[in-house]
2 protein chains.
Amino acid sequence: MEIGTQQRAPLSRKRVLDTAVALADEGGVDALSMRRIAQALGVVPMALYKHVAHKNELLDGMIDALVGEIDPPSADADWKTAVRRRVLSARRMLLRHPWAPAVIEARMKARATPTPAVLAYLDSMIGIFRAGGFPVDLVHHAMHVMGSRLLGFSQELFEDRTDRAPDPDAPPPEEMAARYPHLTELARAVAHDEESVVGSGCDDQAEFEFALDLTLDGLERLLRTA
Amino acid sequence: MEIGTQQRAPLSRKRVLDTAVALADEGGVDALSMRRIAQALGVVPMALYKHVAHKNELLDGMIDALVGEIDPPSADADWKTAVRRRVLSARRMLLRHPWAPAVIEARMKARATPTPAVLAYLDSMIGIFRAGGFPVDLVHHAMHVMGSRLLGFSQELFEDRTDRAPDPDAPPPEEMAARYPHLTELARAVAHDEESVVGSGCDDQAEFEFALDLTLDGLERLLRTA
DNA sequence: ACGGTAGGTGTACGGCGTACACCCGTCAAG
DNA sequence: CTTGACGGGTGTACGCCGTACACCTACCGT
C-alpha cells in the first residue's frame with residue numbers, strides 16, 4: 001500500500017534496451033546517455049552496467065533489436081520480389097528509428113564482426129539470391145551493388161528539410177539561384193511537378209523504390225547473361 | 001634567440017581546420033576534441049573559439065575543406081565518364097579521410113542546408129547530367145539512384161576487417177558456418193577466388209566500380225528510352 | 001543458520017564543450 | 001603623444017558525460 005516502498009519492476013537487459021530505443025526515438029541519439037536511460041527507468045546510472053557491459057555494447061544491442069524487427073524473407077516469392085520486400089521492410093524499420101543508420105554505420109566500422117542479427121540478416125539475404133539461381137560470385141557482386149540499400153538506407157542527401165528552421169546565415173534565394181543554377185532548376189522542377197502533394201514535392205519513398213528497382217533490374221540482366 | 005619568447009604562427013580559421021583534419025586522419029573522429037586541437041596548436045582551448053563558432057561549425061568547415069579536394073568536372077568528356085571520374089575522385093578523397101562519411105552524414109542530417117562546398121558539388125554534378133542531355137526530372141531520379149555513391153561512399157558493410165583483432169567473444173568458425181551458411185559459403189568463395197591477392201580477397205575498389213558502372217548503365221538505358 | 005551471488009547504490013575521476021570575464025598588443029583618431 | 005577601441009589569446013568554472021570501484025542488501029541452496 002505504501003507507495004514509497006512499492007518496488008519497481010526489476011531491470012533486465014531487454015528493459016534497458018527498450019527504453020534506450022524509446023529515448024533515441026524521441027530525442028535522437030545525442031539525447032541518449034546512460035544517465036538519462038537510468039532516470040527513465042527510475043534507477044541509478046550504474047545499475048545499467050549490471051545488464052550491459054558499456055555504452056557501445058548497449059548500442060550494439062539496440063541495433064540487434066531493430067534488425068530483428070525486419071520481416072523474415074517471404075518463402076513463396078521469386079528472388080526479386082523477396083529481396084524487394086525485405087529491403088522495403090528494412091526501410092520501414094529505419095523510418096521508425098531515424099537515428100539508426102548513423103549508429104549502425106558507426107558500430108559496423110568499430111566492430112570486427114557485425115552484430116549477430118545483422119549477420120543473420122545478411123546471411124538470409126544471400127540465401128535469397130542463391131535460391132534465385134545466382135552463382136556465388138555474382139551474389140558477392142550483388143551484395144556490393146546493393147550497398148547501403150541492403151539495409152534500407154541509401155544515404156539520402158536531400159531529404160525534405162523544408163520543415164527545418166532555415167539557417168539564419170543562409171544566402172537569400174536569388175543568390176542561391178545564381179550560385180547553384182542547376183540545383184535551383186532541379187528544385188523548382190520537382191516542386192512544380194507535384195505541387196498538389198504537401199511537403200517537399202519529392203516523394204522519397206517513390207524515389208527509393210525507383211532506385212531499388214533499377215538496381216534489381218540491373219542484377220536481373222546480369223543473372224540472365226551469366 | 002630566446003626560445004621561450006619565440007611566438008607561434010598566429011592562429012587562423014584555416015590553421016584550425018587543417019590541424020583538426022590531420023588529427024581526425026590519424027586518430028579517428030572520436031579523438032577529435034577542442035582541447036586536443038588546441039594542444040596540437042600550442043594554444044589554450046578557448047582560443048579556437050575566436051576562429052570557429054563551436055564544434056559543429058568546425059566539423060562543417062572540415063567537410064567543406066574535404067569536398068573542396070574533389071576534382072572539378074572534366075570538361076571534355078561525355079556525361080558518363082565525367083560522372084564516373086568525379087565519383088571516383090570523391091571516393092579517393094574519402095579513402096584518405098575514413099572518418100569523413102560519418103561526419104558528413106551526421107552534419108547533413110543536422111543542418112537545414114548542406115554546406116556550401118557540398119551544394120557546389122551537387123550543383124555541378126547535376127550540371128554534368130543536364131549537359132549530357134538528361135531532362136530535368138530524369139536528373140532528379142538519377143541523383144536519387146546514385147544516392148550515397150554520389151559522394152563516393154556506398155556504406156560498405158563488409159570491409160576488410162581481417163586486420164582487426166577478433167572479438168574475444170566471437171563464435172568459433174565452425175559455429176559461424178553452421179549459423180550463417182550462406183555468408184560462409186560466400187566468404188570462402190571470395191577468399192579462394194583471388195587467393196593470390198594479399199588481404200581479404202575482395203577488391204573493394206573493383207566492387208565499387210562494378211556497382212557504379214551497373215548504376216550508370218541503368219541510367220544510360222533510361223536516358224535512351226526517354 | 002549461513003555463505004555466495006545477483007542486482008541496485010554512492011562516490012568519485014577524468015574528459016568533454018563552452019560561457020564569461022579578463023588581459024594585452026596594435027593601430028587609428030584626437 | 002595620448003587614448004581608447006578592438007582583435008585575439010588566456011583562465012576559470014560549470015554542467016554533462018562514461019564508468020571504475022567499493023558497498024550494501026535480499027535471496028538462494030546447502
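So you know, we letter chains A, B, ... as the sequences are listed, proteins then strands, and number each from 1. Scope of the values below: all heavy atoms of this structure, side chains included, with no hydrogens, waters or symmetry mates.
Among A/Leu17, A/Asp18, A/Asp25, the one residue that satisfies the side-chain contact (heavy atoms from CB on, under 4.5 Å) test with A/Val21 is A/Asp25.
A donor-acceptor contact shorter than 3.5 Å is absent between the side chain of A/Ser89 and the backbone of A/Arg85.
Taking the side chain as every heavy atom from C-beta outward, B/Ser124 and A/His182 never approach each other to under 4.5 Å.
Counting only N and O atoms by type, the side chains of B/Ser74 and B/Arg86 include no donor and acceptor under 3.5 Å apart. Checking A/Asp64 against A/Thr115 by side-chain atom types alone, a donor-acceptor pair falls below 3.5 Å.
Rounded to whole Å, the distance from CD1 on A/Ile37 to P on C/dG8 is 15 Å. Between the C1' atom of C/dC16 and the CG atom of B/Asp30 lies a distance of 13 Å, rounded to the nearest Å. In this structure, CZ of B/Arg13 is placed 13 Å from P of D/dG8, rounded to the nearest angstrom. Atom-to-atom, CG of A/Leu11 to C1' of C/dG7 comes out at 9 Å; the value is rounded to the nearest Å. Here the C1' atom of nucleotide C/dC13 and the CE atom of A/Met46 are 12 Å apart, to the nearest Å. Note: CG (A/Leu59) to C1' (D/dC17) measures 14 Å, nearest angstrom. Remark: P of C/dG15 and CD of B/Gln39 are 11 Å apart, rounded to the nearest angstrom.
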Which pairs of donor and acceptor atoms, one on a side chain in residues 28-40 of chain B, lie under 3.5 Å apart (sequence neighbours left out)?
residue: B/Ser33; atom: OG; partner: B/Arg36; partner atom: N; Å: 3.1
residue: B/Arg36; atom: NE; partner: B/Ala31; partner atom: O; Å: 2.8

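Below the 3.5 angstrom threshold, one finds no donor paired with an acceptor across the side chain of B/Arg35 and the base of C/dG15.
Within residues 16-25 of chain A, no residue has a heavy atom under 4.0 Å from DNA chain C. At a non-hydrogen distance threshold of 4.0 Å, B/Tyr49, B/His54, B/Lys55 from residues 47-55 of chain B come into contact with DNA chain C.
A distance of 8.0 Å separates CD1 in A/Ile63 from CE in A/Met108, rounded to the nearest 0.5 Å. Note that CE of B/Met146 and CG of B/Leu216 are 5.0 Å apart. Values are rounded to the nearest 0.5 Å.
Closest to the side chain of B/Pro45, out of D/dG9, C/dT18, D/dT19, is C/dT18.
Close to D/dC17, at under 4.0 Å from its OP1 or OP2, lies a side-chain N or O of A/Arg36.
Of all the heavy atoms in B/Pro10 and B/Arg15, the pair that sits closest is O-NE, 3.1 Å.
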